[in-house]
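Letters A, B, ... are given to chains in the order of the sequence lines, protein chains preceding strands, and every chain is numbered from 1.
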Amino acid sequence: MREYEPQTIEHRWQEAWDRSGVFRCGEALPGRPRFYCLEMLPYPSGRLHMGHVRNYSIGDAVARFRRMRGEQVMHVIGWDSFGLPAENAAIQHGEDPGVWTRKNIAVMRAQLRRLGLGYDWQREISTCDPEYYRWNQWFFLRMFERGLAYRARRPLNWCDRCQTVLANEQVTDGRCWRCDGTVSKREFEQWFLRITNWAEDLLAGLDDLHAWPDKVRTMQRHWIGRSEGARVRFPVEDSSTPIEIFTTRIDTIWGATYLALAAEHPLAASLVAGRPEERAVLAFIEEQLGRGIEDRFADSAVKLGVPTGRYARNPFSGEAIPIWIANFVLMDVGTGAIMSVPAHDARDLDFARAHGLPVRQVVRPTVGIATEAGVAYTEDGSLFDSGPYSGLASAEARSQLIESARRSGFGEATVAYRLKDWGVSRQRYWGTPIPIVHCESCGLVGVPDSDLPVCLPDKAPLSGAGGSPLSQLAEFVAVACPRCGGAARRETDTMDTFVDSSWYYFRYLDPTNTAAPFDVANQNPWLPVDLYIGGIEHATMHLIYTRFWTRMMKELGLCTIDEPVRRLFTQGMVIKDGAKMSKSKGNVVDPDQMIERFGADTTRLFALFAAPPERDLDWNEAGVEGCSRFVGKVWRAFHRVRERLPAPGIPAPAVALDGPALELRRKTHRTIKKVTEDLGERMHLNTAVSSIMELNNALTPLADSEASGPAELWAVAEAIDALIRLLAPFAPHLAEELWHARGGSGFVALAPWPDASPDLLVSDTVAVVVQVNGKLRGQLTLAVGTGQEEALAAARADPRVAAHIDGKRLVRVVHVPDRLLNLVVG
RNA sequence: GCCGGAGUGGCGGAAUGGUAGACGCAGGGGACUUAAAAUCCCCUUCCCGCAAGGGAGUGCAGGUUCGAGUCCUGCCUCCGGCACCA
């Protein structure tokens, strides 16, 4: 018998698949079911890690299964190849980002091939390819034309010493990663995309994403953060400019005892101009703005603030209340100003206590007694001490107060969202250049489509200092205005890489199109993506951006779908020794070493077997050895019996198939059913693998027995021929090898998936459990369909059951036919 | 703090409200072998018992149900995410 040598057979089949184009996916064929199986495209960081192995093993198993089921399968891969690490490598080690990236891609592509993943490599894309990113630019221009891309000033991390903008990732403990200098906030003009135009639509769309995990839908709901409330303008004493606040609790407005403004609030400085409080307020604002957002959140348990000395009038009660600047009010939320009602909001109360501001209750529970002392009552209730609104319930009061404010012109109902417009500007080199020209006389001018792509220059100064790399390249910056021809300046910001990944799965469908991002007329047969597999960490950012992008493209007439992904599957992390695998923890397992030692099939099998795919997976070598042993067992059992087996597909012999042969046949067909279901909607890949192990355990004794005659060997052949195909999605190389050895034609990857025969899924008799008062007391073997009376008689005849019911009154009998009999005795 | 998820043998895990612990690992025993490795077979939740059998048991405390790992209420612990959201 030949030894099982995974390295030899795996390499051979990988070459054979490649040569024959087994996984190529041509035009969508009419009348044939299609399946677009997509995994989140990798960032080419250097080498594959086990998270990749797991992600792509899951996707490949499903894709191979669907293909064998006769569906036309789109299974593709590419590279999310722009981004910060390439630039950091350049700054730290002087490597050229493009060279570094392409080297990494070559390494990782080879690793993916060694895993035997069945991709259509002709559709491979790389987002740093000018033929890809030109379409980022094209989309950007379409949005710019429609006002969906705009400029606004926003603060960024700024290192004064390096004279450069830093990503959050490049800031540790408020210090620059390169020079360890202090990082501050500085405002810059940047590009934004109007994702908030779709806030309501993105929220509503979640209701229809039934095949997405609830947790992701919940996270997105919170991310979009819709809240219904009111805007109310409080007149400021000795000023003509009122302060507009947003509140969801206008019913508590008679309890407002101060207004609080964010440090960034545009009116903050002017309120104190020339007043005694000016110094203190400006110092506080400067101190707050100088700190990172995370910093401000972290210690915001301490409610800091300063009084402005100015007063606003409550537009309902006419009461004058002080205006403060407070650290817990955020400019991004609502209007950047709030009315504070300490009695009915915990944060307002904290602040009031810290600064000696009054607390006044105006809402009490409708039922029950007084509110807990010293705790803000934040529920709805009924109003008191609220002028004409006293006695109303909160909800009713809200609508009356809003209506009154609207009539008087100082407020109105409004819906606020937490979702912010998407800032896409990056002051970096290794990304898509934003295709805009700044002209003194024409303003912002889009680069004409005919001039796309605006290519990244080959060489840029990448020192990490002195501003964005492109702005230091005179020959890149200097350009003639496309409109007036005058001297102008090219935009030097590049795009957030989330732009690249917002539409890449459209490009796979038409990767070489030079006239459009994709074939607008013919993409739809494949969309939406049927199954999208990736990590939970993308639950909000990427998966919101791509939903937005699809809607934006629909508005542009480029696609007809609203939602890009029918089913989302979020896989768990790969951990080892209780911690996420990472270089810093030194617990990384290298996929190549695993392949070398155990083979790709074993590595893949373990990645799928060791845990349910949505849960975290603990990588442990003993478990890998277990899978390796299983693969060897299949191989040996097959080769021991191979010569004695009837040819595949010949009819069963005339002799009766009963006893062990029939039992094996039943096991075979039950396994087919189980694996088929587990690879379908259930996505229980771990139990699919265990049931295949069971089938192998079941067929081995019959295969090895000298006593096995034609009937038994026929059943063994049937089991083996099924097992080879069931194994093909999980251990594809081994399956090809055995398929070939059995004389199968073509590739098992293209062989039809086995069918479970319904009459072998049932048997004549069935085990029925007998309980007495819910406790297991016996087991009966009864004919299928045995009625309650007969089952009861059989149960009474069982001595063990009898011992528990004798002398007692039978109160009730629960009979679940063919399953269970529960005797309730008193 | 808020949101989400998870707690089942020594371990990873299985189980549509119907036999808790499939499958695998680890451990124990046996076969084969001069021997070892590999391989094959058997046992393996805990307690009492020679056994037959009995009792307990899915983080904790309750509840619904003939019957709960599964459903409900309230807690505890761990993991992940985050946004003081007005």
What are the atom names and distances for every N/O pair under 3.5 Å that joins the protein to nucleotides 40-50 of chain B?
none

Review item, nucleotides 65-70 of chain B N/O atoms under 3.5 Å of protein N/O:
unit_1: B:C66; atom_1: OP1; unit_2: A:Arg812; atom_2: NH1; d: 2.8
unit_1: B:C66; atom_1: O2'; unit_2: A:Asn822; atom_2: ND2; d: 3.3
unit_1: B:C66; atom_1: O2; unit_2: A:Asn822; atom_2: ND2; d: 2.7

Are any protein N/O atoms closer than 3.5 Å to N/O atoms in nucleotides 5-7 of chain B? If there are, list each pair with its distance.
none

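For B:G54, one of the phosphate oxygens OP1 or OP2 lies less than 4.0 angstrom from a side-chain nitrogen or oxygen of A:His804. Distances shorter than 4.0 Å separate none of the side-chain N or O atoms of A:Lys667 from OP1 or OP2 on B:A22. A sub-4.0 Å separation between OP1 or OP2 of B:G55 and a side-chain N or O of A:Arg777 is present. Between A:Asn620 and B:C11 there is no side-chain polar atom (N or O) within less than 4.0 angstrom of OP1 or OP2. Close to B:A22, at under 4.0 Å from its OP1 or OP2, lies no side-chain N or O of A:Ser691.
Evaluation of the side chain to side chain donor-acceptor pair (under 3.5 Å) test over residues 243-259 of chain A, restricted to residues two or more places apart or in two chains, returns A:Arg231-A:Glu244, A:Arg233-A:Glu244, A:Arg249-A:Asp251, A:Asp251-A:Ser394, A:Asp251-A:Arg398, A:Tyr258-A:Ser340. Annotation: salt bridge (Lys or Arg N to Asp or Glu O under 4.0 Å) contacts involving residues 685-694 of chain A, sequence neighbours excluded, comprise A:Lys667-A:Glu694. Residue pairs meeting the side chain to side chain donor-acceptor pair (under 3.5 Å) criterion with at least one partner in residues 680-692 of chain A, sequence neighbours excluded, are A:Asp678-A:Arg682, A:Asp678-A:Thr687, A:Arg682-A:His684. Contacts classified as side chain to side chain donor-acceptor pair (under 3.5 Å) and involving residues 794-823 of chain A (residues at least two apart or in different chains) are given here: A:Arg777-A:His804.
In this structure, B:C23 and B:G12 make a Watson-Crick or G-U wobble pair, each of the two defining distances being under 3.5 angstrom. Pair assignment for B:G4: B:C79, on the basis of Watson-Crick or G-U wobble contacts that are both within less than 3.5 Å. When both pairing distances are held under 3.5 Å, B:G49 makes no Watson-Crick or G-U pair with any nucleotide shown. When Watson-Crick and G-U wobble pairs are counted only if both distances are under 3.5 Å, B:C66 pairs with B:G18. Of all nucleotides present, only B:G74 satisfies the Watson-Crick or G-U wobble test against B:C60, with each distance under 3.5 Å. The nucleotide B:U39 finds its pairing partner in B:A31, both defining distances of the Watson-Crick or G-U wobble pair being shorter than 3.5 Å.
Using a 4.0 Å heavy-atom cutoff across all strands shown, A:Glu694 reaches sugar-phosphate atoms only and no base atom. At a threshold of 4.0 angstrom between heavy atoms, the contacts of A:Gly225 with the nucleic acid are absent. At a threshold of 4.0 angstrom between heavy atoms, the contacts of A:Arg217 with the nucleic acid are absent. At a threshold of 4.0 angstrom between heavy atoms, the contacts of A:Asp348 with the nucleic acid are absent. Using a 4.0 Å heavy-atom distance criterion, A:His344 is classed as making no nucleic acid contact. Among the protein residues, A:Phe609 comes within range of the nucleic acid bases, having at least one heavy atom under 4.0 Å from a base atom.
A donor-acceptor pair under 3.5 Å is formed between the side chain of A:Gln571 and the backbone N or O of A:Asn55.
A straight line from CZ of A:Arg347 to C1' of B:G1 spans 11 Å, rounded to a whole angstrom. Atom P of nucleotide B:C79 and atom CG of A:Asp616 are separated by 12 Å, given to the nearest angstrom. If you take CG of A:Leu261 and C1' of B:A86, they are 13 Å apart, rounded to a whole angstrom. Rounded to whole angstrom, the span from the CZ atom of A:Arg221 across to the P atom of B:G81 amounts to 21 Å. When the C1' atom of B:G81 is taken as reference, atom CE of A:Met573 falls 11 Å away, rounded to whole Å. Atom CZ of A:Arg231 and atom P of B:A86 are 14 Å apart (whole Å). Rounded to whole Å, the distance from CG on A:Leu330 to C1' on B:C85 is 8 Å. The CG atom of A:Leu685 sits 12 Å away from the P atom of B:A14 (whole-angstrom rounding).
Annotation: B:A68 and B:G59 have their C1' atoms spaced 16 Å apart (nearest Å). As rounded to the nearest Å, B:C40 and B:C76 have C1' atoms that lie 47 Å from one another.
Each of A:Arg249 and A:Met219 was matched to the nucleotide of RNA chain B holding its nearest heavy atom; the match closer to the 5' end belongs to A:Met219. Checking A:Lys674 against A:Ile224, the closest nucleotide of RNA chain B that is more toward the 5' end is the one next to A:Lys674.
Exactly one residue among A:Phe192, A:Tyr545, A:Phe498 makes a ring pair (Phe, Tyr, Trp, His ring centres under 6.0 Å) with A:Trp422. That residue is A:Tyr545.
Checked against ring-ring contact (aromatic ring centres under 6.0 Å, His included), A:Tyr4 has the following partners two or more places apart in sequence or in another chain: A:Trp635. Every residue two or more places apart in sequence or in another chain that forms a salt bridge (Lys or Arg N to Asp or Glu O under 4.0 Å) with A:Arg221 is listed here: A:Asp207. Take A:Asn696 and apply the side-chain contact (heavy atoms from CB on, under 4.5 Å) test, not counting sequence neighbours, and it matches A:Phe630, A:Lys633, A:Val634, A:Ala637, A:Leu699, A:Thr700, A:Leu723. For A:His669, the side-chain hydrogen bond (donor to acceptor under 3.5 Å, both in side chains) partners at least two apart in sequence or on another chain are A:Glu718. Taking the salt bridge (Lys or Arg N to Asp or Glu O under 4.0 Å) definition, one finds that A:Glu614 meets it with nothing, sequence neighbours left out.
Relative orientation of the A:Phe351 and A:Trp324 rings is perpendicular, given thresholds of 30° and 60° on the angle between their planes.
For B:G9, the base is syn relative to its sugar; the glycosidic angle is within 90° of 0.
Ion pairing between A:Arg217 and A:Asp214 holds under the 4.0 Å rule for side-chain N and carboxylate O.
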